[in-house]
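Only one structure is covered here, and it is reproduced in the block below.
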Amino acid sequence: MLRMWSMLLVGSLVAATTLAQVRQMESHEHGVAQLMLVLEGELLQVEWEAPSESLVGFEHPPEADADREVFAQAVQTLTNPERLFVISEGAECLPVGVRVENTLFKDAAMHQGHEEHEDDSEHEHSEEEGHETAHSEFQAQWRWLCHNPEAVEAVEIGMLREFPRTEEIRVQWLVHEQQGAQTLQAGDVIIQGWD
C-alpha cells in the first residue's frame, strides 16, 4: 500500500512539473501578453506578464545606451498606472500599489556567475547576436482601492498603445463573482463583460 501511494505521489509531482513547463512555454509567445483583472470587494488588482521582446525589443540585459534608454522608458511607463488604465470614474478608484519586475537581470546574474548546468543543450546560441538565447519577461501588478466597486463597469487599458510590439493581450477577469476572458488586439482597449 505504501508503495502505491509513493508511486501516485511521484506521478503527481511529475505531472505537475510537466504541466508547469508546458504552461511556461505557452505563456512566452512574442507579441502576446497575459493580463488578469480581479475585483474583490473594494480591491481592484491587475496582473500582467509579457515577454521582454514584446516591450523593449530584446531579451538580454541592456548593454548599449539606446537599449538602456528603451528599458528605462518601459519601466517608467509600467510604474505609471494613470498612463495605462482608465477605470470607470464613478468607481472612485485610487492607486494603492505598483510592482514591476523583470527577469533580464536575474538571468544575466546567473550567466555571469557561471553556474553549472546539468544539460548544456538547454541553451540555444545565436550566432548573430553573440548572446545566449534566453527568455525573459516583464511582470507587473497594479492595485486600486475602489470606494464604489459596483460602479466598475469597464477598464480601459493603454498597453497596446504604449507597447506597439505587443500585438495581442489575452485577458482573464473575475469581477463581482463573475468570470470571463477576452482577447484584445490593435484598436481594442476596453475590458468589460460583467453586469
Side-chain angles (χ1 to χ4, degrees), residues 20-38 44-87 95 97-115 117 119-144 155-173 181-191:
Q21 290 171 343
V22 167
R23 189 170 167 211
Q24 182 179 7
M25 286 172 37
E26 288 176 351
S27 68
H28 191 93
E29 186 178 341
H30 292 182
V32 177
Q34 310 290 328
L35 186 141
M36 179 70 179
L37 181 143
V38 177
L44 173 63
Q45 181 171 296
V46 175
E47 294 184 9
W48 189 59
E49 182 174 314
S52 296
E53 194 281 331
S54 299
L55 271 68
V56 296
F58 51 86
E59 292 193 323
H60 56 80
E63 296 165 355
D65 288 343
D67 287 351
R68 285 192 287 273
E69 186 175 320
V70 168
F71 182 86
Q73 181 61 43
V75 171
Q76 181 180 9
T77 299
L78 291 171
T79 56
N80 186 351
E82 291 84 12
R83 189 170 175 178
L84 294 173
F85 300 97
V86 177
I87 302 167
V98 176
R99 186 182 80 208
V100 175
E101 297 178 355
N102 181 277
T103 61
L104 284 175
F105 296 104
K106 181 177 77 169
D107 291 344
M110 284 177 47
H111 294 306
Q112 289 174 357
H114 302 291
E115 290 191 8
H117 299 284
D119 181 6
D120 287 337
S121 65
E122 290 178 24
H123 302 284
E124 298 174 13
H125 296 274
S126 170
E127 293 177 13
E128 292 177 15
E129 298 178 25
H131 295 284
E132 289 183 356
T133 303
H135 294 301
S136 66
E137 289 84 26
F138 275 85
Q139 294 99 19
Q141 182 182 77
W142 303 272
R143 292 181 180 173
W144 294 264
V155 176
E156 181 180 331
I157 64 169
M159 275 82 158
L160 293 170
R161 177 189 69 243
E162 295 292 335
F163 301 108
R165 297 177 75 87
T166 302
E167 300 166 358
E168 179 178 293
I169 300 175
R170 296 177 185 156
V171 178
Q172 294 183 341
W173 53 261
Q182 65 187 97
T183 300
L184 302 178
Q185 296 177 329
D188 299 330
V189 295
I190 304 292
I191 301 171

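Predicted, not measured: the structure shown is a model, and the values here were computed from it. Computation of the quantities below employed the complete heavy-atom set of this structure, encompassing side-chain atoms and omitting hydrogens, waters and symmetry-equivalent molecules.
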Under the criterion side-chain contact (heavy atoms from CB on, under 4.5 Å), I'd like the reasoning laid out for Met36 against Val171: C-alpha separation, chi angles, the key distance, then a yes or no. CA-CA 6 Å; Met36 179 70 179; Val171 178; over 6 Å; no

Report yes if the side chains of [X] and [Y] come closer than 4.5 Å at any heavy-atom pair, otherwise no.
{"X": "Glu59", "Y": "Pro51", "answer": "yes"}
{"X": "Ile191", "Y": "Leu35", "answer": "yes"}
{"X": "Leu78", "Y": "Leu55", "answer": "yes"}
{"X": "Val32", "Y": "Glu167", "answer": "no"}
{"X": "Gln141", "Y": "Val98", "answer": "no"}
{"X": "Phe71", "Y": "Phe138", "answer": "yes"}
{"X": "Asp188", "Y": "Gln185", "answer": "yes"}
{"X": "Pro62", "Y": "Val70", "answer": "no"}

Between [Y] and [X], do the side chains contain a donor N or O and an acceptor N or O under 3.5 Å apart?
{"X": "Glu47", "Y": "Gln45", "value": "yes"}
{"X": "Asn102", "Y": "Ser52", "value": "yes"}
{"X": "Glu49", "Y": "Gln34", "value": "no"}

What is the distance from atom CD of Gln182 to atom CH2 of Trp173, rounded to the nearest 0.5 Å?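 Reported value, rounded in 0.5 Å steps: 8.0 Å.
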
If I take atom CG from residue Leu44 and atom CG from residue Leu37, how far apart are they, to the nearest 0.5 angstrom?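 These two atoms lie 5.0 Å from each other.
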
Taking atom CD of Glu53 as the centre, report whether more than 12 heavy atoms of other residues, nucleotides or ligands fall under 6.0 Å from it.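 More than 12 heavy atoms, drawn from other residues, nucleotides or ligands, come within 6.0 Å of this atom.
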
So for atom CD, which belongs to Glu101, do other residues, nucleotides or ligands contribute more than 12 heavy atoms lying within a distance under 6.0 Å? yes

Lys/Arg N to Asp/Glu carboxylate O, Glu29 vs Arg170, below 4.0 Å: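 Salt bridge: yes.
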
Shortest non-hydrogen contact from [X] to [Y]?
{"X": "Gly31", "Y": "Ser54", "value": "N-OG, 2.6 Å"}
{"X": "Leu160", "Y": "Thr166", "value": "CD2-O, 3.1 Å"}
{"X": "Leu84", "Y": "Thr77", "value": "CD1-O, 3.5 Å"}
{"X": "Gln76", "Y": "Thr79", "value": "O-OG1, 3.0 Å"}

Would you please classify the geometry between the Phe85 ring and the Trp142 ring as parallel, tilted or perpendicular, with 30° and 60° separating the classes?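 Correct class here is perpendicular.
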
